[in-house]
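Beneath this line is the structure, given in structure tokens, with notes to follow.
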There are 2 protein chains.
Amino acid sequence: MDILSRMEELILLSVWKLQEEAYGLQIRTHLSELLNHELSVGAVYVPLKRLKKRGYLASWDSEPTDERGGRSKRFFKLTEKGVGALQQVHNVQQSAWSGLPDLGLGWKPVHS
Amino acid sequence: MDILSRMEELILLSVWKLQEEAYGLQIRTHLSELLNHELSVGAVYVPLKRLKKRGYLASWDSEPTDERGGRSKRFFKLTEKGVGALQQVHNVQQSAWSGLPDLGLGWKPVHS
DNA sequence: GTATTTGTTTTAAAATTTAGAACAAATACG
DNA sequence: CGTATTTGTTCTAAATTTTAAAACAAATAC
């Protein structure tokens with residue numbers, strides 16, 4: 001559709017928000033809380049790989065830490081292309097959610 | 001994912017915005033302009049049918065009009081469940097797009 | 001060395017998206 | 001009438017995305 005899917009958008013935003021802590025399991029936790037719904041591991045790792053392959057994300061592998069089970073992590077950060085894709089999806093959302101007539105169904109979106 | 005897909009969201013919003021003119025081809029035109037990208041016919045009709053089956057949309061068939069080719073149209077409107085689903089996706093978006101740190105990449109989302 | 005924890009990869013099924021052919025029914029007009 | 005054109009919906013198969021969960025890997029704990 002020439003626009004990020006919802007999951008892709010949420011993952012890119014998660015990487016943005018988590019900054020120096022943006023790696024697979026952390027992203028999964030963050031999004032599970034956001035969605036109030038436990039995501040499977042694959043639900044995060046599969047799109048992460050795709051987003052990287054398409055140039056929306058860059059990644060590098062860390063050294064292991066000395067915590068229990070502290071393996072090497074694969075960290076991600078947004079590329080310029082990734083920011084551009086978020087920009088685009090944000091524009092579409094703004095358009096799509098503006099100018100909605102009153103339906104009398106008890107709710108209207110509020111853009112803080 | 002327990003949340004509307006992007007296409008589902010856009011179609012529900014289109015039905016909302018188009019009001020008394022919410023039928024397949026019109027929705028297609030509206031979304032094609034919004035996305036700046038010509039959607040195929042199936043890209044609209046397939047999800048429309050699914051959204052109806054799931055109770056997000058109600059529909060009824062009009063009488064033909066006396067315009068050239070003016071066949072009976074299938075009009076749609078949001079159900080309460082449909083409004084609720086939009087409400088939910090709106091909440092998730094608001095959360096996901098708020099509290100983003102400055103990346104110094106030349107852009108930050110503005111919520112009008 | 002065996003258990004436990006943190007982390008990534010893989011895989012296959014399910015669901016969604018997409019393009020476009022097919023079909024349907026209306027008016028136009030010779 | 002018959003054929004063309006327009007508006008509209010249905011169908012369908014391929015491509016893509018999502019999802020769950022098993023497998024694998026590597027670290028510390030004891």
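Every value quoted in this text rests on a predicted model; they were computed, and no experiment measured them. Throughout, a chain's letter reflects where its sequence line sits, starting with A, and its residues are numbered from 1.
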Donor-acceptor pair under 3.5 Å, Arg71(A) side chain vs dT6(C) base:
no
Output yes when at least one side-chain N/O atom of Arg50(A) is less than 4.0 Å from OP1 or OP2 of dT18(D), else no.
yes
Would the number of heavy atoms belonging to other residues, nucleotides or ligands and lying under 6.0 Å from NZ of Lys77(A) be above 12?
no
Are there over 12 heavy-atom neighbours, none belonging to Gln19(B), within less than 6.0 Å of that residue's CD?
yes
Is there a side-chain contact between Arg6(B) and Glu9(A) in this structure, where contact means two heavy atoms from C-beta onward sitting under 4.5 Å apart?
yes
Among dT17(C), dT9(C), dA20(D), the one nearest any side-chain atom of Val41(A) is dT9(C)
Parallel, tilted or perpendicular: rings of Trp16(A) and Trp107(B) (30°, 60°):
tilted
Any Ser40(B) side-chain nitrogen or oxygen under 4.0 Å from OP1 or OP2 of dT18(C):
no
Any Arg74(A) side-chain N or O less than 4.0 Å from OP1/OP2 of dT9(C)
yes
Quick one: Asp66(B) CG to dA28(C) P, roughly how many Å, whole number?
8 Å
Under the 3.5 Å rule, do the base of dT5(D) and the side chain of Arg68(B) count as making a donor-acceptor pair?
yes
Would you please confirm or rule out a distance under 4.0 Å between OP1 or OP2 of dT17(D) and any side-chain N or O of Ser5(B)?
no
So what does Gly24(A) touch, heavy atoms closer than 4.0 Å: a base, only the sugar-phosphate, or nothing?
sugar-phosphate
